[in-house]
Number of protein chains: 2
Amino acid sequence: MPEQHPGSRPTLEAVAALAGVSRATASRVVNGGDGVRKPLVDKVRKAVEELQYIPNHAARTLVTRRTGAVAVVIAEPEIRIFSDPFFSQQLRGISKELAAHDTQLVLLIVEGPADFDRIARYLSGGHVDGALAFSLHTDDPLPAITRRAGVPTVYGGRPSWTAGPGEEAVQYVDADNRGGARAAVQYLRSLGRERIAYIGGPPDQTSAMDRLDGYRDILPETDPTLVAEGAFTVESGARAMAQLLERRPDLDAVFAASDLMASGALRILRERGITVPEQVALVGFDDMDSVAETTDPPLTTVRQDIEGQGRLMARLLLSGLDRARTGAGRPDSVITPTTLVRRASA
Amino acid sequence: MPEQHPGSRPTLEAVAALAGVSRATASRVVNGGDGVRKPLVDKVRKAVEELQYIPNHAARTLVTRRTGAVAVVIAEPEIRIFSDPFFSQQLRGISKELAAHDTQLVLLIVEGPADFDRIARYLSGGHVDGALAFSLHTDDPLPAITRRAGVPTVYGGRPSWTAGPGEEAVQYVDADNRGGARAAVQYLRSLGRERIAYIGGPPDQTSAMDRLDGYRDILPETDPTLVAEGAFTVESGARAMAQLLERRPDLDAVFAASDLMASGALRILRERGITVPEQVALVGFDDMDSVAETTDPPLTTVRQDIEGQGRLMARLLLSGLDRARTGAGRPDSVITPTTLVRRASA
DNA sequence: CACAGGGCTGAGAGCGCTTCCAACCAATTG
DNA sequence: CAATTGGTTGGAAGCGCTCTCAGCCCTGTG
């Protein structure tokens, strides 16, 4: 490997010279080689190899107006999502898909409300071809920013707001929360359970709302005392379970809107000497690796493919970008299927 | 805000024209305005404002050879670090510092051993000015890659390898693991404890080795039966504690090399009816938010400023980059101080 | 055998920006 | 008062690449 003098990487010009062709032809070869005769292609390829040529990205971007990079925006309030396995898996999927398309991942962490300016500037600066963001609250300034900056954006999780009149519909990827919840409740009913309680998530998150809707689809006339609200955490699940038991000691099944909450509920049930699944059947949601399989008993739960969702977000964005160049329409949002995984808790 | 035709952002030329100056002068103003008279500066600033001018990054990079971006490289085996609050805090610090210097964070996740190629290509491609990586194993290909690519790199955590002859010393940021461990053990001794056990981390991580060294600094002649090995996880801490109790039921103190392991140890101690801190005093390491304060009793532990370390990594890299331009020498590695936080467990 | 047509190739015009250098101006100095 | 100096400004040359367009050659056709 030839030592390169720092700061003097070979240019396309050099490759062309070595291969004995024009810069134009060298460029064609580097970009796929269409319309160039085989012997020339080979010569250029050899020159590229010999010189260890790597295209200058800035120069290319300058003329093509494509950066080959995508921003992943994470807003401050959700910074905790970093320690959230959910998010890291999603990011993982995104990373894989982007890598497969030779696209870079620029991580934009919004550092406080005043920082949206920086993000806006960055997004408007043409540094990236598109953006990926996660489901936000209604008053989040991000959608407006990306729209104004003209940066195609795909959201993870169904946004809680809808596009205004004349605006393009928001693109997002989400699990079939409602369908998954329906399946869980239906399953509990098929087991002969009659007083099925629900431990939900915070009502400002669409995933929580959708799961609740699914529960209600099956049990439209449920007594509200069978429904408790948690916050997707172990602790909140435990609290909700305690509350439910107090209100309805007769319940014979619980559907918790997350595995974490289910594990909290499980702890309470065990403490009270209530057997699972005999006395109370329990179903969770997420099929989170580190939780669902390790509880005692292991959780029956609704699985969603989180990494796949991340992958899909990236794919949706990238295909949208391609399409924009070819003039075709935008792909729709995607709802990924959920499946019920039967283990011992129900 | 003027609607901009998509894909036709104003150029510096336009700003110059509107301000009635040359492109050169407009450029000077945009880049700080040194050596330009006040009235002209104002005129240009106004034009920038009016046109909503944002410099084209690619064009700028093309001539300055600076990208204003830094890569954060995460190798596959450590992907779990994503769910590791340790890592996410460090990343947080990095992000803050970079944002403050208007530098972008490009996340490079190595997807398997075969993927190092892609990383190498990217790093060599001049896409970033520098890189940040995390402490690696001896045979990690990354250091060779960054060196060959000529990309300045700062590591998080003391690397386990040392620079070869003639190579520049590796720059890294690490906590004073050894000093922190010394302080912890010394404190236990000052409490009158005489049989102080140690639960260590995996011996292939320098942080684990350094902490062990610190323990040995104070207790050079310790009976090896007082030393057990864990893996920085709750479970491994529990196992190590059980092992220790079996070997040395007479121990009266435990220093665990992480809070997670300490909490595992705590569980075992409680199960065996051993009181903490009365019968056995316990000290952890890290002062991890979600752990040290919530155990029962809360952990006495060695605190390290993790977010600060991330910040420092970024700062070190950036100042190195600046220095490279001004021709000054490289800054040294940095060891951040640790402090003993006294709570109830010792 | 002249001509049209198609496939390759190379010349050259930028993409938007920074920066060297020369030109200019006013103020200072001999 | 002429010459020098120092501070500003503008002209213009690229940075490395893509891509249009004209030109070339070779084949097929009238």
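So that the names make sense, note that chain A is the first sequence line, chain B the second, and so on, each numbered from 1. What you see is a predicted model; the values in this text were computed from it and never measured. Values below: every heavy atom of this structure, side chains too, minus hydrogens, waters and symmetry copies.
- Rounded to whole angstrom, the span from the CG atom of Leu51(A) across to the C1' atom of dG16(D) amounts to 15 Å.
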Report each atom pair, protein N/O against N/O of nucleotides 7-13 of chain C, whose distance is under 3.5 angstrom.
| from | atom 1 | to | atom 2 | distance (Å) |
| --- | --- | --- | --- | --- |
| dC8(C) | O3' | Arg37(A) | NE | 3.4 |
| dT9(C) | OP1 | Arg37(A) | NE | 3.3 |
| dT9(C) | OP1 | Arg37(A) | NH2 | 3.3 |
| dT9(C) | OP2 | Arg37(A) | N | 3.0 |
| dG10(C) | OP2 | Ser22(A) | N | 3.1 |
| dG10(C) | OP2 | Ser22(A) | OG | 3.3 |
| dG10(C) | OP2 | Thr25(A) | OG1 | 2.9 |
| dG10(C) | O6 | Arg28(A) | NH2 | 2.6 |
| dA13(C) | N6 | Arg23(A) | NH2 | 3.1 |

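- Sorted pairs that involve residues 9-34 of chain A and meet ring pair (Phe, Tyr, Trp, His ring centres under 6.0 Å), not counting sequence neighbours, are lacking altogether.
- For Tyr172(B), there are no ring-ring contact (aromatic ring centres under 6.0 Å, His included) partners at least two apart in sequence or on another chain.
- The 5' end of DNA chain D is approached more closely, in terms of each residue's nearest nucleotide, by Ala59(B) than by the other of Ser27(A) and Ala59(B).
- Aromatic pair Phe134(B)/Tyr155(B): centroids not less than 6.0 angstrom apart.
- Partners of Arg37(A) under the salt bridge (charged side-chain N to carboxylate O under 4.0 Å, His left out) rule, at least two apart in sequence or in another chain, do not exist in this structure.
- Where the helix from dC1(C)-dG30(D) to dG30(C)-dC1(D) starts and where it ends, the local axes point in directions that differ by 60°; five pairs per end, rounded to 10°.
- Under the rule for a salt bridge (charged side-chain N to carboxylate O under 4.0 Å, His left out), the partners of Arg147(A) that lie at least two apart in sequence or sit in another chain are Glu167(A).
- A donor-acceptor pair is defined here as one N or O able to donate and one able to accept, closer than 3.5 Å; no such pair exists between the side chain of Asp129(B) and the backbone of Val70(B).
- Taking Lys43(B) as the reference, nothing meets the salt bridge (charged side-chain N to carboxylate O under 4.0 Å, His left out) condition, with sequence neighbours excluded.
- Dashed line: the shortest gap from a side-chain N or O of Asn56(B) to OP1 or OP2 of dC15(C) is not under 4.0 Å.
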Evaluate side chain to side chain donor-acceptor pair (under 3.5 Å) for Gln171(B) paired with Thr153(B), printing each intermediate quantity in order. CA-CA 7 Å; Gln171(B) 273 189 92; Thr153(B) 305; over 6 Å; no

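- A donor-acceptor contact shorter than 3.5 Å is absent between the side chain of Thr25(B) and the backbone of Val21(B).
- A donor-acceptor contact shorter than 3.5 Å links the side chain of Ser333(A) to the backbone of Val170(A).
- The salt bridge (charged side-chain N to carboxylate O under 4.0 Å, His left out) search around Arg45(A) returns none, not counting sequence neighbours.
- When rounded to the nearest whole Å, the span between CD of Glu13(B) and C1' of dG11(D) equals 12 Å.
- The backbone N or O of Ile335(B) sits nowhere less than 3.5 Å from a side-chain atom of Asp174(B) that would complete a donor-acceptor pair.
- Rounded to whole Å, atom P of dT8(D) lies 16 Å from atom NZ of Lys43(B).
- Out of dT18(C), dG16(D), dT18(D), the shortest distance to the side chain of Arg60(A) is found at dT18(D).
- Distance CG (Asn31(B)) to C1' (dT18(C)): 8 Å, rounded to an integer number of Å.
- Near DNA chain D, defined here as any heavy-atom distance below 4.0 Å, there are no residues from residues 117-128 of chain A.
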The contact string for nucleotides 22-27 of chain D, one letter per nucleotide 5' to 3', using protein heavy atoms under 4.0 Å with B, S and - for base, sugar-phosphate only and none, comes out as ------

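- The distance from atom CG of Leu62(B) to atom C1' of dT19(C) is 13 Å, rounded to the nearest whole Å.
- Put simply, NE2 on His57(B) is 13 Å from C1' on dG16(C), counting in whole angstrom units.
- Among pairs with a residue in residues 21-69 of chain A, those fulfilling ring pair (Phe, Tyr, Trp, His ring centres under 6.0 Å) read His57(A)-His127(B), at least two apart in sequence or across chains.
- Sorted by first and then second residue, the salt bridge (charged side-chain N to carboxylate O under 4.0 Å, His left out) pairs involving residues 309-320 of chain A (not counting sequence neighbours) are Glu97(A)-Arg311(A), Glu97(A)-Arg315(A), Glu307(A)-Arg311(A).
- For Arg65(B) and dG16(D), the shortest distance from a side-chain N or O to OP1 or OP2 is below 4.0 Å.
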